[in-house]
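Structure first, commentary second.
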Protein chains: 2
Amino acid sequence: MNNDELMKLDNQLCFAFYACSREITKLYRPLLAELGLTYTQYITLLALWEQDNVSVKELGAKLLLDSGTLTPLLKKLESMGLLTRARDKSDERHLVVRLTMKGEQLREKASCVPVRLFEGTDVEPEELFALRKQVQTLMSKMSEAT
Amino acid sequence: MNNDELMKLDNQLCFAFYACSREITKLYRPLLAELGLTYTQYITLLALWEQDNVSVKELGAKLLLDSGTLTPLLKKLESMGLLTRARDKSDERHLVVRLTMKGEQLREKASCVPVRLFEGTDVEPEELFALRKQVQTLMSKMSEAT
DNA sequence: TCTATATAAATTGTATGCAATTAATTGGGT
DNA sequence: ACCCAATTAATTGCATACAATTTATATAGA
């Protein structure tokens, strides 16, 4: 590819990912709206449903988000009654996040989301699986560089 | 995959894309900082370097962004002296965006960005090319659904 | 014990994204 | 010429992202 080609928008991997990521979020939006959640709130809960009782630091490591993003997000989820935020007694620097009963229960209602997401599209599960693997490989290669 | 597996964060295609997209942006950041640009400003300029003299509407169609995002972004680029914003004389509803000399010239300095991006990583160009194709296919399938 | 350093969250400031609304302009139909 | 629906940007409000700074706490070492 020559230099002109290399600079075309449609030839940028970055743009493909950037646009696709937002497009996927758009598929989620109506499903998550039924649960009263935004996309970021949803993936935060996915992480908590897998492992509860974690610090902001640990949560941030999983979601690749820092406290600047997580603090207001968690305060919002707290105000919605889905989780509690409390300092760790053994080390007051850590803030421990715990799901409430309501937060736990939301998992049931959310369990249909992954299944419903690509309903009505021409996308095959195998295709998704293979693509996800490749994306994760790329991710790990980029992480090594930074 | 059973339901528990389906709800794991690492099994979400959406999260893979979301995280990967932000990781790619991180690779860009130091390179674009040399040009004084953010990532969104950069892809906006990529679109304009390909086709100048476009309306906000047309630009938004290429970048998949609406006026709510583009208006402040374009005002910023205007204040940086990279482009001009003016109403179309033949239809005052349209706002036409034109690159300035300075905006045109920035293209030269930016031309090394795509090449330098994955330097120092273990990522092969063929890998990127194949992956981009797959992502674009997924994109088009999702667009059909909406 | 006292202090310097390290660590974790919160805060601040800037830049997106996007839904919903508003304002200005245009073109079709009467 | 006049009214009305459609079109395009801009605006408003809310929710992220993230760098940089600040605050509070913990710990190692003099």
Side-chain angles (χ1 to χ4, degrees), chain A residues 14-15 17-30 32-33 35-45 54-61 63-80 84-97 146, chain B residues 14-15 17-30 32-33 36-45 54-80 84-97 146:
Chain A
C14 69
F15 182 68
F17 267 87
Y18 165 78
C20 197
S21 178
R22 284 184 294 133
E23 199 67 24
I24 295 177
T25 307
K26 261 180 216 155
L27 280 186
Y28 271 101
R29 202 162 291 131
L32 296 182
L35 307 176
L37 296 175
T38 64
Y39 176 73
T40 316
Q41 290 165 4
Y42 171 69
I43 61 160
T44 301
L45 287 173
V54 290
S55 68
V56 171
K57 178 85 174 178
E58 291 170 303
L59 201 52
L63 300 172
L64 307 182
L65 294 171
D66 69 7
S67 67
T69 302
L70 284 175
T71 296
L73 186 78
L74 294 171
K75 282 182 178 174
K76 175 73 184 180
L77 291 173
E78 183 182 39
S79 77
M80 293 162 70
T84 60
R85 300 162 63 251
R87 291 283 165 179
D88 183 345
K89 292 293 177 201
S90 68
D91 185 343
E92 296 267 343
R93 288 173 304 181
H94 293 84
L95 187 143
V96 182
V97 178
T146 51
Chain B
C14 70
F15 181 68
F17 268 87
Y18 164 78
C20 197
S21 178
R22 283 185 294 133
E23 201 67 27
I24 295 177
T25 305
K26 264 180 213 154
L27 279 187
Y28 271 100
R29 202 163 291 131
L32 296 181
L37 296 174
T38 64
Y39 175 74
T40 316
Q41 290 165 3
Y42 171 70
I43 61 160
T44 302
L45 287 173
V54 291
S55 68
V56 171
K57 179 83 173 178
E58 291 169 303
L59 201 52
K62 286 192 183 179
L63 299 172
L64 307 182
L65 293 171
D66 69 8
S67 67
T69 303
L70 283 176
T71 296
L73 186 77
L74 294 172
K75 281 182 178 174
K76 175 72 183 179
L77 291 173
E78 184 182 38
S79 78
M80 294 163 71
T84 61
R85 299 163 65 250
R87 291 285 166 180
D88 183 344
K89 292 292 174 198
S90 68
D91 186 342
E92 296 267 345
R93 287 172 305 183
H94 294 84
L95 186 141
V96 182
V97 179
T146 51

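Letters A, B, ... mirror the listed sequences (proteins, then strands); counts begin at 1.
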Note to self: Applying side-chain contact (heavy atoms from CB on, under 4.5 Å) to A/T40 and B/Y18, what does each step give before you reach the verdict?
What the structure shows: CA-CA 10 Å; A/T40 316; B/Y18 164 78; 3.9 Å; yes
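- To the nearest angstrom, P of D/dC14 lies 17 Å from CG of A/L77.
- Straight-line distance from the CG atom of B/L32 to the C1' atom of D/dC18: 15 Å, rounded to whole Å.
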Note to self: Apply side-chain contact (heavy atoms from CB on, under 4.5 Å) to residues B/L74 and B/T44 and explain how you reach the verdict.
What the structure shows: CA-CA 9 Å; B/L74 294 172; B/T44 302; 4.1 Å; yes
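- The nearest pair of heavy atoms linking A/H94 to A/S55 is CD2-CB, 4.0 Å.
- A salt bridge between A/E78 and A/K75 is absent, with no side-chain N of the basic residue lying under 4.0 Å from a carboxylate O of the acidic one.
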Notebook entry, point to check: How does each nucleotide of nucleotides 9-21 of chain C score, in 5' to 3' order, for protein heavy atoms under 4.0 Å: base (B), sugar-phosphate only (S), or none (-)?
Noted result: BBB---SSBBB--
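- Judged by distance alone, the side chain of B/R85 and the main-chain N or O of B/V96 form no donor-acceptor pair under 3.5 Å.
- If you take CG of A/D91 and C1' of C/dA8, they are 8 Å apart, rounded to a whole angstrom.
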